[in-house]
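The sequence lines fix the lettering, A, B, ..., with proteins before strands; numbering per chain opens at 1. Just so you know, these numbers use all the heavy atoms, side chains as well, and skip hydrogens, waters and symmetry mates. The model shown is predicted, which means the values in this text are computed figures rather than measured ones.
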Protein chains: 2
Amino acid sequence: MTLAYPMTDPRATRPDSALTRAFERHGVRMTYDRNEEIYAQDDEVEFLYQVVRGVVRTSRLTAEGRRQVGDFYYVGDLFGLEPGPDHRFGAEALDDCEILVVRRSVVRAFAGDAELDRAILEATRVEMERLQDHVVMLGRKSARERVACFLMSIAQRGEDDHANLAMGRQDMADYLGLTIETVSRMLTQLQGEAIVEFPSSRHFQIRKWTALEALAA
Amino acid sequence: MTLAYPMTDPRATRPDSALTRAFERHGVRMTYDRNEEIYAQDDEVEFLYQVVRGVVRTSRLTAEGRRQVGDFYYVGDLFGLEPGPDHRFGAEALDDCEILVVRRSVVRAFAGDAELDRAILEATRVEMERLQDHVVMLGRKSARERVACFLMSIAQRGEDDHANLAMGRQDMADYLGLTIETVSRMLTQLQGEAIVEFPSSRHFQIRKWTALEALAA
DNA sequence: CGGTTAATTGAACGCATTCAACACGAGTGG
DNA sequence: CCACTCGTGTTGAATGCGTTCAATTAACCG
């Protein structure tokens, strides 16, 4: 991890006003290498993070060594926003990342600012809804449906029809509660049905949106 | 559902100060019969709820008719606290319930009150941590482990060693992402190993805490 | 090119589901 | 008091989905 320099470039964050200001004035821009840990599971919750460049994954390792990926965070996303005293999930850089970091105490000092509160609430809302969807997916969806779901959610982030996976098969599997082999099989299966197309293992394009939507369940 | 009378009994809520006051002054006490809906999935988020008597379950029905139970709420628990505009999960009374209901606008009017804010934040924290644990359980635990986990969490609520299940097997199954048959089999299996004991299908006692803890993973 | 890691594919296994039958308890009425 | 019913829980046998283990192929990088 490299401490780069205090945050000054306002272009990096979306115009969230108070939040942007807090990041601008009191944030620090950090860079992380691929697979570098941003914070560890069970670390104290001290900072609020925003992705400037790259993709971040949160994950939890159980006592038996099993891993569950919590979520993936893209440019503009806030993360590390856990209400508890310490992190249940750790955060790692999926690829080379640039992250804005600001102390929670600083954020709290800005509290009362309506726009900042809204931004935090909004991030919490998004976080919770993702968790709820995740629960339904893991509890009640088949492997095929989970993979379809995942591809759709990735594709919806990008505006054009081509999408690229920032993560490898193991990360997908650990997010979806499956094994890499099953993920791989489902992908080739979907490709065989011409629903999606993978020119390379990290790039894909959805061919039949309706079919995929029907699958996503 | 029966609108009983405006809330006046302070004993019903724990001394959460501002929250208790908000419920006292502006809350309404409602009663619900077994299996009655408290609010529907996709309903607008309008109220904050607190269990006074009985047990509440939240659940989501997918388009294909599959059901995922979100959580169970016991006396004193706050629920309905979703940050989004509408409920992703519906809420139903597991048995005959008494619920305190207060408009969110009223809660918001009390905002700024440090103790109220803390109570809300605390409930949000609990909610989120439960969701996170739920994700790990559904994603990375076997049927045996899930059932063991569930029994432990139930047992930890009561103070004595005897615990009773407010919910039936179907609710357990839909919470754990399993079928009733699998839940039943795991229960008899655990009982066969003398780890737990079920004098009746809704009452149990943990015999070997360490064994169960080891299983819960 | 080799060397290394990631992804795919195949075959066998096993855990959880499915489908079906049976047991149990509570309530109801003869 | 027993027979009947209905809802709920348990048990059995067969199936199947996803995993496991192993081998192969593809991608990446020196």
Side-chain angles (χ1 to χ4, degrees), chain A residues 33-35 57 62 64-69 94-96 137-151 164-193 196-204 215 217, chain B residues 33-35 57 62 64-69 94-96 137-151 164-193 196-204 215 217:
Chain A
D33 293 334
R34 191 170 115 83
N35 283 326
R57 117 191 124 230
T62 72
E64 304 80 44
R66 283 172 276 185
R67 193 177 72 141
Q68 177 65 48
V69 167
L94 253 183
D95 48 9
D96 294 348
M137 188 175 75
L138 296 175
R140 287 297 178 225
K141 287 187 180 169
S142 70
R144 207 176 138 81
E145 291 166 342
R146 293 183 203 184
V147 171
C149 237
F150 184 73
L151 292 182
N164 71 322
L165 295 169
M167 72 294 294
R169 296 292 187 267
Q170 188 63 60
D171 285 327
M172 290 178 59
D174 288 344
Y175 175 76
L176 298 172
L178 301 169
T179 61
I180 28 173
E181 294 95 330
T182 301
V183 170
S184 183
R185 272 184 253 273
M186 294 302 120
L187 289 176
T188 51
Q189 189 180 314
L190 290 173
Q191 203 174 9
E193 299 167 39
V196 294
E197 193 184 336
F198 277 80
S200 86
S201 75
R202 299 268 186 136
H203 293 84
F204 72 97
L215 263 179
Chain B
D33 293 334
R34 191 170 116 82
N35 284 325
R57 115 192 126 230
T62 71
E64 304 79 45
R66 283 172 276 185
R67 194 177 72 141
Q68 177 64 48
V69 167
L94 252 184
D95 48 9
D96 293 348
M137 187 176 75
L138 295 176
R140 288 296 177 226
K141 287 188 180 166
S142 70
R144 206 176 138 81
E145 291 166 341
R146 294 183 203 184
V147 171
C149 237
F150 185 74
L151 292 182
N164 70 325
L165 294 169
M167 71 294 295
R169 297 292 187 267
Q170 188 63 61
D171 284 328
M172 291 178 58
D174 288 344
Y175 175 76
L176 298 172
L178 301 169
T179 60
I180 29 173
E181 294 96 330
T182 302
V183 170
S184 183
R185 272 184 254 272
M186 294 304 121
L187 289 175
T188 51
Q189 190 181 313
L190 290 173
Q191 202 174 10
E193 298 166 39
V196 294
E197 193 184 337
F198 276 80
S200 84
S201 75
R202 298 271 186 132
H203 293 83
F204 71 98
L215 263 178

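For the pair A:Arg169 (side chain) and A:Ser201 (backbone), a donor-acceptor distance under 3.5 Å is present. In terms of modelled atom types and a separation under 3.5 Å, the side chain of B:Glu197 and the main chain of B:Gln191 share no donor-acceptor contact. Judged by distance alone, the side chain of B:Arg144 and the main-chain N or O of B:Met186 form no donor-acceptor pair under 3.5 Å. Of the possible polar contacts, none joining the B:Asp33 side chain to the B:Asp96 backbone as a donor-acceptor pair under 3.5 Å is found. When atom types are taken as modelled, the side chain of A:Arg146 and the backbone of A:Lys141 share a donor-acceptor pair closer than 3.5 angstrom.
Atom CG in B:Asp171 sits about 16 Å away from atom P in D:dG7, given to the nearest Å. A:Phe198 places its CZ atom 13 Å from the C1' atom of C:dT8, with the value rounded to the nearest Å. For the pair B:His203 NE2 and D:dG9 P, the interatomic distance rounds to 13 Å; values are reported in whole Å. With rounding to whole Å, B:Met137 atom CE is found 13 Å from C:dA16 atom P. Rounded to an integer number of Å, the gap from CD1 of B:Ile180 to P of D:dT10 is 10 Å. Following rounding to the nearest Å, B:Leu176 (CG) and C:dT17 (P) show an atom-to-atom distance of 10 Å. Put simply, CG on A:Asp174 is 11 Å from P on D:dT19, counting in whole angstrom units. Atoms CD (B:Gln170) and P (C:dT18) sit 11 Å apart, rounded to a whole Å.
Between B:Gln170 and B:Ile180, the closest side-chain pair of non-hydrogen atoms falls below 4.5 Å.
Here B:Thr188 lies in heavy-atom contact (under 4.0 Å) with sugar-phosphate atoms only. Counting non-hydrogen atoms under 4.0 angstrom, A:Arg202 reaches the backbone sugars and phosphates but no base.
If you check distances only, the side chain of A:Arg185 does reach the base of C:dG10 with a donor-acceptor pair under 3.5 Å. Counting atom types as modelled, A:Arg140 pairs no side-chain N or O with a base atom of C:dT17 as donor and acceptor under 3.5 Å. Counting atom types as modelled, B:Arg169 pairs no side-chain N or O with a base atom of D:dG7 as donor and acceptor under 3.5 Å.
When the nearest nucleotides of DNA chain D are assigned to B:Arg34 and B:Glu181 by heavy-atom distance, the more 5′-ward of the two goes with B:Arg34.
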Contact list (N/O, under 3.5 angstrom) for nucleotides 15-18 of chain D vs protein:
from: D:dG18; atom 1: OP1; to: A:Ala143; atom 2: N; distance (Å): 2.8

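A:Arg66 and B:Ala217 get closest at one heavy-atom pair: NH2-CB, 3.9 Å.
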